[in-house]
Structures are given as structure tokens and as C-alpha cells.
Amino acid sequence: MSKDLEGFDTLTTYSSASSDYLVAAEEFWGFVSDDTMSQLHLRPGNRVLDFCCGPGPMTIRTAERVGPTGYVESVDILDEMLDITRRRAAERGLRQVTVRHGDIDTLPPGDGSFDVVNCSLGIYFAKDMVSTLSSFWSYVRPGGQLAITTIGRRLFEPVLPVFFEACEAERPGIGTYLPWTRTEDPDVLGSLLDEAGVSGAVVSTRDTPMPLATPEAWWPVVHGSGLRSLEAELGTVAEARVRRRCEEWIAEHRVTEINVGTVRAVATRTESVSGSPERRASEGENSAQ
Ligand SMILES: C[S@@+](CC[C@H](N)C(=O)[O-])C[C@H]1O[C@@H](n2cnc3c(N)ncnc32)[C@H](O)[C@@H]1O
């Protein structure tokens with residue numbers, strides 16, 4: 001699988017996935033947001049910018065934390081995702097949430113006014129990640145934080161290799177465009193941040209076992225992730241065969257959990273901009289540096 005962004009149709013993948021992704025975002029991916037939240041120094045009244053907000057797992061969490069005197073601005077390229085986030089915020093009475101259409105490839109320079117700028121599971125969609133990270137940083141106020149979370153190397157082990165093999169057997173050459181592999185190496189993410197001028201980022205990797213209650217629970221994971229792009233390319237008949245092959249393998253090997261590898265970077269913008277960029281490793285974590 002290559003690290004090429006070309007060929008991955010982000011809009012189709014996430015547009016058709018938006019309601020499935022909502023379920024997956026809370027039931028499956030929600031732990032990523034919980035993990036990021038544990039690193040943020042958010043207080044009531046703070047201002048948050050959530051890029052690539054999707055159906056809003058971080059938007060909702062941060063809005064609850066900053067309270068009615070705070071402000072959360074949520075940005076996504078897909079109106080379907082923004083509609084879901086808007087609705088979820090309204091259902092919870094979170095009037096501090098504003099959603100707005102935006103493309104992380106064409107961001108205007110920031111005004112350095114946000115306490116937290118977050119991008120979960122989204123930076124790898126940027127055409128020029130250095131430029132986008134640099135833009136993100138420009139929105140962070142002195143003393144504020146930038147949080148970036150991406151997919152790590154050991155995604156969905158041990159089932160994903162079986163899924164890929166089954167896809168390849170159906171359509172040789174399928175799936176040469178998995179954007180999240182661009183940042184699966186924590187050193188790569190760290191270098192991109194350095195190049196973007198984001199100083200002091202703490203980059204760490206984590207492997208989180210997620211329960212797979214039954215073999216049938218695998219397919220909703222495919223549906224609620226970027227793997228959906230492969231499913232669409234397979235077509236209905238081949239998709240059914242791939243699905244069956246995965247479910248049989250999971251049953252045969254008595255798999256009851258899958259690993260979700262993630263890479264997380266958190267940087268605090270210092271008041272002074274002097275000095276060379278330095279990345280620090282976090283202690284007690286599965287750290288990259
Ligand atoms: C994998 S989802 C992540 C959603 C959410 N942050 C989460 O943690 O579950 C990726 C999101 O990035 C959005 N996205 C992709 N490319 C984008 C771009 N160029 N600008 C803004 N949003 C983009 C997609 O529409 C999708 O909602």
C-alpha cells in the first residue's frame with residue numbers, strides 16, 4: 001500500500017459514510033477523543049478550533065468542558081458531517097458551538113486567539129501537511145495547545161492484513177491509496193511538525209485493544225472508517241466474499257479484539273518564540289522519541 005494521497009476520494013468516502021461514521025465515532029473511535037481530551041488544559045470560557053471535525057466527537061467533548069462562556073468552532077469540508085455536528089450540539093444545548101465549512105488545504109492565516117486547536121484523524125488528508133500544520137499553529141494563542149491525532153502502524157491487527165489479502169484476491173492492485181499511512185510513523189509526524197515550526201511537540205504512539213464482540217462486528221468497523229473506500233471499489237458481490245472471508249477467519253482464530261494504533265502529538269505554544277524547536281518525549285507512554 002502506498003503513501004499516495006492520489007486516488008483516495010475523501011468526499012465520496014466520508015460523505016457516504018457520514019451516518020455510519022457517527023455511530024463508529026462514538027462507539028468505536030470515541031476513545032481517541034477521550035485520549036486527546038486527557039492531554040488538554042481546557043477551562044470554562046476557553047476557545048477551541050476543531051479541524052476535520054467529522055460528526056463532532058471532539059467538538060462535543062470540548063464544548064462540554066469550556067461551557068456556555070466558551071466557544072468551539074468546528075470545521076469540515078463535508079456539509080453532511082457539519083450537519084451532524086450541528087444537530088448533536090443543538091440536541092445537547094451547546095450553543096457555544098459554531099460549525100463552518102472549510103478546507104484545511106486553503107486556510108487563511110490564523111489570528112492566534114484559540115486556547116486549543118485540534119485535528120483528530122484528519123491531517124493526512126492535507127495535500128501539503130507542513131503548510132497545513134503551520135496554518136493550524138497560527139491559530140494557537142501564546143500558551144495555547146495544538147493537538148494532532150493520527151492513525152498508527154498496527155491498525156486493526158490482526159484482521160486488517162486478512163482484509164487486504166481478500167481485497168487483493170478480488171481486485172489485484174486495489175487500495176494503493178490509504179492516506180493515513182502518510183503519518184503512521186511517529187518520527188514522520190514529528191518531522192512534519194518541526195518543519196512547520198511547531199516547537200516542543202510531544203509525540204507518542206499508543207496501541208489500544210478494542211473489543212470485537214463477534215465476527216460480524218468487523219464489517220461495521222470497515223463501514224465506519226476510511227476502509228469504506230475499498231469496499232466501494234469492490235462492488236457488492238466481491239464485497240460479500242471479502243466480508244465472509246474476514247468473518248470466517250475471525251471465527252476460526254477466535255479473535256475477540258483488534259488493535260487500534262494511534263499517534264498523538266501535543267504542542268504548547270510558548271510566549272517567547274526565541275530558541276530552536278525541540279521535541280520532548282512524554283514519560284511513561286509508548287513514546288516515539
Ligand atoms: C476520519 S474523519 C475524522 C473525524 C473526527 N475528527 C473524528 O475524530 O472522528 C476525517 C474528517 O476529515 C474531513 N476532511 C477530509 N479532508 C478535509 C479537508 N481537506 N478539509 C477539511 N476537512 C476534511 C472529512 O470530511 C472527515 O469528516
Side-chain angles (χ1 to χ4, degrees), residues 5-40 48-63 72-89 97 99-108 110 116-133 135-136 139 146-152 155-156 177-184 206 208 210 220-230 260-265:
L5 190 58
E6 291 295 313
F8 185 89
D9 186 342
T10 306
L11 297 188
T12 304
T13 300
Y14 288 102
S15 178
S16 58
S18 52
S19 53
D20 292 315
Y21 196 87
L22 167 60
V23 177
E26 286 308 338
E27 292 181 4
F28 189 85
W29 294 108
F31 79 92
V32 175
S33 303
D34 292 337
D35 181 56
T36 304
M37 283 299 288
S38 73
Q39 302 302 305
L40 302 180
V48 176
L49 188 50
D50 186 19
F51 285 114
C52 299
C53 66
M58 277 297 282
T59 296
I60 300 298
R61 284 167 175 77
T62 54
V72 180
E73 190 169 313
S74 304
V75 179
D76 203 282
I77 201 167
L78 268 178
D79 291 334
E80 288 93 328
M81 290 294 192
L82 293 172
D83 287 345
I84 293 173
T85 298
R86 187 185 293 110
R87 193 195 69 228
R88 296 181 72 208
V97 173
V99 305
R100 143 173 108 66
H101 185 277
D103 183 347
I104 58 170
D105 285 328
T106 55
L107 293 174
V116 164
V117 173
N118 177 70
C119 182
S120 296
L121 312 179
I123 185 59
Y124 38 75
F125 295 118
K127 290 192 177 76
D128 178 344
M129 291 191 280
V130 170
S131 165
T132 296
L133 287 167
S135 297
F136 287 175
Y139 287 86
L146 172 66
I148 305 289
T149 310
T150 71
I151 298 291
L155 181 69
F156 299 159
Y177 45 79
L178 302 174
W180 53 88
T181 59
R182 297 168 80 206
T183 48
E184 66 184 3
R206 37 237 306 114
T208 307
M210 295 296 290
V221 173
V222 173
H223 257 278
S225 73
L227 293 177
R228 193 185 178 104
S229 62
L230 298 179
V260 186
T262 51
V263 180
R264 185 186 68 199

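We use all heavy atoms of the structure for the numbers below, so side chains are in, but hydrogens, waters and symmetry mates are not. Indexing begins at 1, ligand by ligand and atom by atom, following the structure's order.
- Looking at W29 against ligand 1, nothing comes within 4.0 Å, counting heavy atoms.
- Evaluation of the ring pair (Phe, Tyr, Trp, His ring centres under 6.0 Å) rule for F51 yields F136, Y139 as partners, not counting sequence neighbours.
- Proximity of S120 to W29: side-chain heavy atoms (C-beta onward) are nowhere separated by under 4.5 Å.
- Distances from ligand 1 to the non-hydrogen atoms of P57 include at least one value under 4.0 Å.
- Within the listing of ligand 1, atoms 10 (C), 15 (C), 16 (N) sit less than 4.0 angstrom from a heavy atom of F125.
- Near S120, the atoms of ligand 1 lying under 4.0 angstrom from a non-hydrogen atom of the residue are 3 (C), 5 (C), 6 (N), 8 (O).
- Inclusion of D76 in the set of residues having an N or O under 3.5 Å from an N or O of ligand 1 is warranted.
- Close approach of ligand 1 to L78 (heavy-atom distance below 4.0 Å) involves ligand atoms 25 (O).
- Between S33 and ligand 1 there is no heavy-atom distance shorter than 4.0 Å.
- Considering only non-hydrogen atoms, atom 18 (C) of ligand 1 lies nearest to I104 out of I123, I104, L107, L82.
- Residue contact check: G102 has heavy atoms under 4.0 Å from atoms 20 (N), 21 (C) of ligand 1.
- You'll find the side chain of D128 stays beyond 4.5 Å of the side chain of D105, heavy atoms only.
- Comparing T59, T106, T36, I77 against atom 23 (C) of ligand 1, the shortest heavy-atom distance belongs to I77.
- Proximity of T62 to D50: side-chain heavy atoms (C-beta onward) are nowhere separated by under 4.5 Å.
- Each of the atoms 4 (C), 27 (O) of ligand 1 lies under 4.0 Å from some heavy atom of G54.
- The side-chain heavy atoms of D83 and R86, taken from C-beta on, include a pair separated by under 4.5 Å.
- Residues L82 and C53 have side chains in contact (heavy-atom distance under 4.5 Å, counting atoms from C-beta outward).
- Here T132 pairs with nothing under the side-chain hydrogen bond (donor to acceptor under 3.5 Å, both in side chains) rule; sequence neighbours left out.
- Taking a 4.0 Å cut-off on heavy atoms, D103 registers as neighbouring ligand 1.
- Only the backbone of C53 comes within 4.0 Å of ligand 1, counting heavy atoms alone; no side-chain atom from C-beta on gets that close.
- Considering L121, T150, L155 as possible partners of W180, the one that fulfils the side chain to side chain contact (heavy atoms under 4.5 Å, CB included) test is L155.
- A donor-acceptor pair under 3.5 Å links the side-chain atoms of D76 to the main chain of G54, judged by distance alone.
- Using a 4.0 Å cutoff on heavy atoms, M81 counts as a contact of ligand 1.
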